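Every value quoted in this text rests on a predicted model; they were computed, and no experiment measured them. Chain identifiers are assigned alphabetically (A, B, ...) following the order of the sequence lines, protein sequences preceding nucleic acid strands; residue numbering begins at 1 within each chain.
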There are 2 protein chains.
Amino acid sequence: MSLSDFELEVMQLFWVHKEASAPQIHKLIEQKRAVKYTTVKTIIDRLEKKHSLKRSRTEGRTIFYAPISEKQTVSTPLIKEFINKVFLGKSRPLAAHILEEEELTLEDIEYLETLLKERKKDLK
Amino acid sequence: MSLSDFELEVMQLFWVHKEASAPQIHKLIEQKRAVKYTTVKTIIDRLEKKHSLKRSRTEGRTIFYAPISEKQTVSTPLIKEFINKVFLGKSRPLAAHILEEEELTLEDIEYLETLLKERKKDLK
DNA sequence: AGCATATATCTACATTTGTAGAGATACAAG
DNA sequence: CTTGTATCTCTACAAATGTAGATATATGCT
């Protein structure tokens with residue numbers, strides 16, 4: 001099942017934190033922008049209904065949730081879809097854009113170079 | 001103004017064809033999936049209202065449209081946004097995913113290698 | 001035990017999006 | 001010049017999404 005932007009944002013936090021309660025997630029997001037607790041809780045409820053999150057334990061009346069879907073399982077199809085939508089299915093222009101325009105450290109570049117070297121080796 | 005998936009799909013066709021009528025766009029999309037003419041026309045109307053398309057000329061009662069927004073102007077922020085949403089703002093993991101997992105020809109790989117070489121040169 | 005408060009639950013609502021029908025009408029073909 | 005048809009215009013609507021209020025209530029503190 002596909003995730004909305006907000007749902008994905010919340011999932012990202014769960015992937016980082018492994019487990020969290022709605023109040024915790026709310027506090028994290030609130031640091032970036034104004035949002036009411038109930039809004040965040042609604043998103044979490046929807047993620048639970050979609051089986052992306054499960055209740056892991058409770059502490060007092062506070063429910064803790066943990067991710068069911070794994071990050072990679074979610075992001076891989078998103079990448080494919082993005083390439084289709086924005087680059088007519090061709091990965092090279094997206095790769096080129098990133099390598100040319102997006103922020104990369106020297107280490108990033110060198111790492112990516114080794115990936116290409118590997119890839120080339122396997123091709124031949 | 002942001003574009004919906006369907007709007008973006010239509011814009012892609014305009015970027016390729018430079019100019020087209022609603023019936024033409026409809027026929028193109030219909031080759032991939034069932035969709036009514038009026039649905040496509042609605043999307044084109046919305047794109048016109050958003051100033052992404054303009055009427056370029058008419059032929060009989062058929063209106064031709066041409067893109068106003070350029071492809072790069074639209075895609076660059078989409079990439080940024082995608083990296084933020086899916087990779088917490090870091091481009092390296094997206095680049096790595098593409099270089100490792102997505103389809104690339106030998107030429108693609110060699111081209112990307114030159115980009116990295118350039119990028120490294122400029123960094124140093 | 002009583003109470004304040006944090007948390008949960010449930011409901012609501014405007015906007016965006018994909019989808020398309022109904023009806024109007026200009027043009028092409030006879 | 002009539003008429004069929006392609007195209008346009010206008011309106012509608014359900015689902016998804018972001019947003020949050022109202023209300024209930026379990027807990028922890030005094």
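In this entry the distance linking NE2 of His26(B) with P of dG21(C) reads 11 Å, nearest Å. Between Leu47(B) atom CG and dG18(C) atom C1' there is a gap of 13 Å when expressed in whole angstrom units. Taking atom NZ of residue Lys36(B) and atom P of nucleotide dA6(D), one finds them 14 Å apart after rounding to whole Å. To the nearest angstrom, P of dA6(D) lies 16 Å from CD of Glu59(B).
Classification of the Phe82(A)-Phe82(B) ring pair by plane angle, with boundaries at 30° and 60°, yields parallel.
For Thr73(A) (side chain) and Ser69(A) (main-chain N/O), no donor-acceptor pair under 3.5 Å exists by modelled atom type.
With rounding to the nearest 0.5 angstrom, the CZ atom of Arg119(A) is 13.5 Å from the OG1 atom of Thr114(A). One distance of note links OG of Ser4(A) with CD1 of Ile43(A); it measures 5.5 Å at 0.5 Å rounding.
The side chain of Thr39(A) places an N or O atom within less than 4.0 Å of a non-bridging phosphate oxygen (OP1 or OP2) of dA20(D).
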Tell me, for nucleotides 6-17 of chain C in 5' to 3' order, what letter each nucleotide earns: B for a base near a protein heavy atom under 4.0 Å, S for only sugar-phosphate near one, - for neither?
BBBB-------B
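No cation-pi contact links Arg55(B) to Tyr65(B), judged by a cut-off of 6.0 Å to the six-membered ring centre and 45° from its axis.
For Glu107(B), there are no salt bridge (charged side-chain N to carboxylate O under 4.0 Å, His left out) partners two or more places apart in sequence or in a different chain.
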